[in-house]
Amino acid sequence: MDANLTQHGTGNSMMVMKTGSGWSRGLDNAVRGELKEWFQTRTWWSQVLIWAASINLIFLIVSLSVRQNPGEMNSPTESLMIFNIFMGLVGPIGVSIVMQSAVVGEKKSGTAAWVLSKPISRISFILSKVIGNSLGIAATMVLAQGIIAYLIAYFVVGITPPPLGFLAGLGVHLVHIFFYLTLTLMLGAIFEKAAPVIGIPIAFLFSQNFLSSAFPKLTPFMPQSLAMPGNNSSELPLAMALMTESPVDTYLLLIGTFIASLIFIGIALWVFQRQEL
Amino acid sequence: MEWVIDTQGLTKSYKEVDALKALNLQVPKHSIFGFLGPNGAGKTTTIKLLLGLIRPTAGTAKVFGLDTVQDSVAIRSRIGYLPQDPRFYESMSARQVLDYTAGFFFKGPRAEIERRVEETLDLVGLQGKADRPIKGFSGGERQRLGIAQAQVNYPDLLILDEPAASLDPMGRRDVLEVMDRLRKYTTIFYCTHILDDVQRVSDMVAILNKGELVAHGPIAELLAGGEGVAYEVRLKGDTSSAYQCVAEQPWVNTIQVRKQNESTIWTVSVSDPQIAENSLFRLLAADEKVIVTGYHIKEHELEEVFLRIVEGGNNGR
């Protein structure tokens, strides 16, 4: 191919053809493309604003109310639960909406077929969606919202959550949201229409309350328990426990949720490898 | 001969429908290969099979001697592809699309990749709009961008699905010029409905109909085949006796007659070109009631051949 470059008169000996045709072919370029889409367009700040309005605006309103009426909650630290509940609720819904366009949207629009006419493996295509969107969501939906929430807690509520514990709590939210990200990705690989791709994760999100009520023994296995208090459960969700330095019984649910996410990625890869575009 | 594309019994079925039936197709290196057929004939299916976007139900396809199922990524690293309806990421600009595309093929200094992107923009005349988001592009501009991204990697094989669609006559001319210029570096395999373009630039043609290959070969052979030699004669005056005289000749197959203004135009199909060359004009000139105002051997148009083959079933094979 170098000879070919010379033939075309570029006179360029520095630019060389990439070689190799393994599973990771095209991954670097595809991830770069995803990250540009997140961070070199208005996407990142519009996402930060949307999630700030959906999560932290309510936290701010509640915090202002707690400040004016200190008796409303047992302790000011409890107001952090509002942030955790909204992260646990809005995060999965938001990520399902964002991610539905990642695979099923591209299959429908034809951009997936266009990209896959270039030298990129299907594994790289799917992994670029996972990596790019995870980083985008981690930055705009988790980290940025965490920083805003921390500032609200410090300046409005008047508490100083332990920084490392708070960061660990955000990590739990990230795992929780990652579960929905990979679930949506997998459904995007399986289905050709957007409705089930958005609908199933959201239905699963809301059905956990019902399942938790009907079968209390299932509660410890619900990913929701990472971020939000379950029905009839006196235990703090893991994220809240870490943010307030409360005792943590087990990390099994966290590990299980992460493993489930990896399984979703595996299924997405398997399905997409066999898919006709 | 070295084949860039070689398919053997390539078949693609969807449930009950056979989109492609046992295609045996060979595309020689450095040819401009026109791949023709009515809508739904299986052209795009064939292209998708070559690119590894779909899998064959039966048969094999090799590109550069590599299997399209097993070695798809290696094949795609040497191909440029323009889809029929090019779709790119709408938020990107033309420059970003080309930069993104080039990133799949090249590594090296940014400046060199940017220079290649500039060259490609220049080739398709999109420099002025290089930094605008493509969501505002017209159909013709998208098509130009599609052509640009297809050849940013100096492909050994350029697969173009309707490259001149949505282009104005100047754009069409430019595309044909680009294709002609690239001929010495690359093989071009393209689908189109604009048969005039195929006749102008292609050296090989295949015609697909209802998933079956119904004609395949050098364009000159295809144009010469079928009806054999025919003369087109333009006459004025009373042609009845001349018609009777010519029709009686044993080397005349058929005479098609049509009127145009004051003239009568005959298409005389002959079985023996040598005798016809010596005798036909003399017979007409000998009749004092007619004046011969035009006389030439008829050159078949690809459109006629195409319609005859497609509408006449598989007889054109």
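Residue numbering restarts at 1 for every chain, and letters A, B, ... go by the order of the sequence lines.
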**Heavy-atom pair of closest approach, residues A:Lys36 and B:Asp99** =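 Distance-wise, the nearest heavy atoms are NZ-OD2, 3.5 Å.
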
**Asked** Which atom names give the shortest non-hydrogen contact between A:Leu277 and B:Ile54, and what distance separates them?
**Response**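 Answer, listing the atom of A:Leu277 first, then B:Ile54: O-CG2, 3.7 Å.
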
State the [atom1]-[atom2] distance between [X] and [Y], to the nearest 0.5 angstrom.
X: A:Ile120; Y: B:Arg76; atom1: CD1; atom2: CZ; result: 8.5 Å
X: B:Asp71; Y: A:Ser21; atom1: CG; atom2: OG; result: 7.0 Å
X: A:Gln40; Y: B:Met92; atom1: CD; atom2: CE; result: 10.0 Å
X: A:Ser117; Y: B:Ile75; atom1: OG; atom2: CD1; result: 13.0 Å
X: A:Met15; Y: B:Arg110; atom1: CE; atom2: CZ; result: 11.0 Å

**Request:** Report the C-alpha separation of B:Gln149 and A:Lys118 in whole Å, then their side-chain angles, then the decisive distance to 0.1 Å, and conclude whether the side chain to side chain contact (heavy atoms under 4.5 Å, CB included) test is met.
**Result:** CA-CA 10 Å; B:Gln149 60 81 35; A:Lys118 310 301 172 202; 2.5 Å; yes

**Request:** Flag the one option from A:Ser109, A:Ala112, A:Gly33 with the top tally of heavy-atom pairs under 4.5 Å to chain B.
**Result:**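 The residue among A:Ser109, A:Ala112, A:Gly33 with the greatest pair count is A:Ser109.
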
**Prompt:** Between B:Lys107 and chain A, which part of the residue has a heavy atom less than 4.5 Å away: side chain, backbone, both or neither?
**Reply:**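 Both backbone and side chain.
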
**Message:** Parallel, tilted or perpendicular: which one describes the rings of A:Trp114 and B:Phe88, with boundaries at 30° and 60°?
**Reply:**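 Answer is perpendicular, since the angle exceeds 60°.
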
Do other residues, nucleotides or ligands put more than 12 heavy atoms under 6.0 Å from the [atom1] atom of [X]?
X: A:Arg42; atom1: CZ; value: no
X: A:Gln273; atom1: CD; value: yes
X: A:Phe204; atom1: CZ; value: yes
X: B:Lys210; atom1: NZ; value: no
X: A:Trp44; atom1: CH2; value: no

**Prompt:** Do A:Glu276 and B:Lys12 touch side chain to side chain, with heavy atoms closer than 4.5 Å?
**Reply:**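 Yes, side chains in contact.
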
**Message:** Less than 4.5 Å apart, side chain to side chain, heavy atoms only: is that true for A:Thr41 and B:Gln96?
**Reply:**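 Sidechains of B:Gln96 and A:Thr41: no contact.
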
**Message:** Does anything in residues 263-272 of chain A reach chain B? List residues with heavy atoms under 4.5 Å apart, or say none.
**Reply:**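 Interface residues of residues 263-272 of chain A: none, nothing closer than 4.5 Å to chain B.
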
**Request:** Enumerate by number any residue of residues 23-30 of chain A whose heavy atoms lie under 4.5 Å from heavy atoms of chain B; in the absence of such residues, state 'none'.
**Result:**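 Only A:Arg25, A:Gly26, A:Asn29, A:Ala30 of residues 23-30 of chain A have a heavy atom under 4.5 Å from chain B.
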
**Request:** Check step by step if side chain to side chain contact (heavy atoms under 4.5 Å, CB included) holds for B:Tyr89 and A:Glu106.
**Result:** CA-CA 9 Å; B:Tyr89 294 120; A:Glu106 291 212 20; 2.7 Å; yes

**Request:** Measure A:Arg122 against the heavy atoms of chain B and call it side chain, backbone, both or neither at under 4.5 Å.
**Result:**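 Contact with chain B involves the side chain of A:Arg122 alone.
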
**Request:** Keeping the roles fixed (side chain from A:Lys18, backbone from B:Phe104), state whether a donor-acceptor pair exists under 3.5 Å.
**Result:**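 No, because the side chain of A:Lys18 does not come within donor-acceptor range (under 3.5 Å) of the backbone of B:Phe104.
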
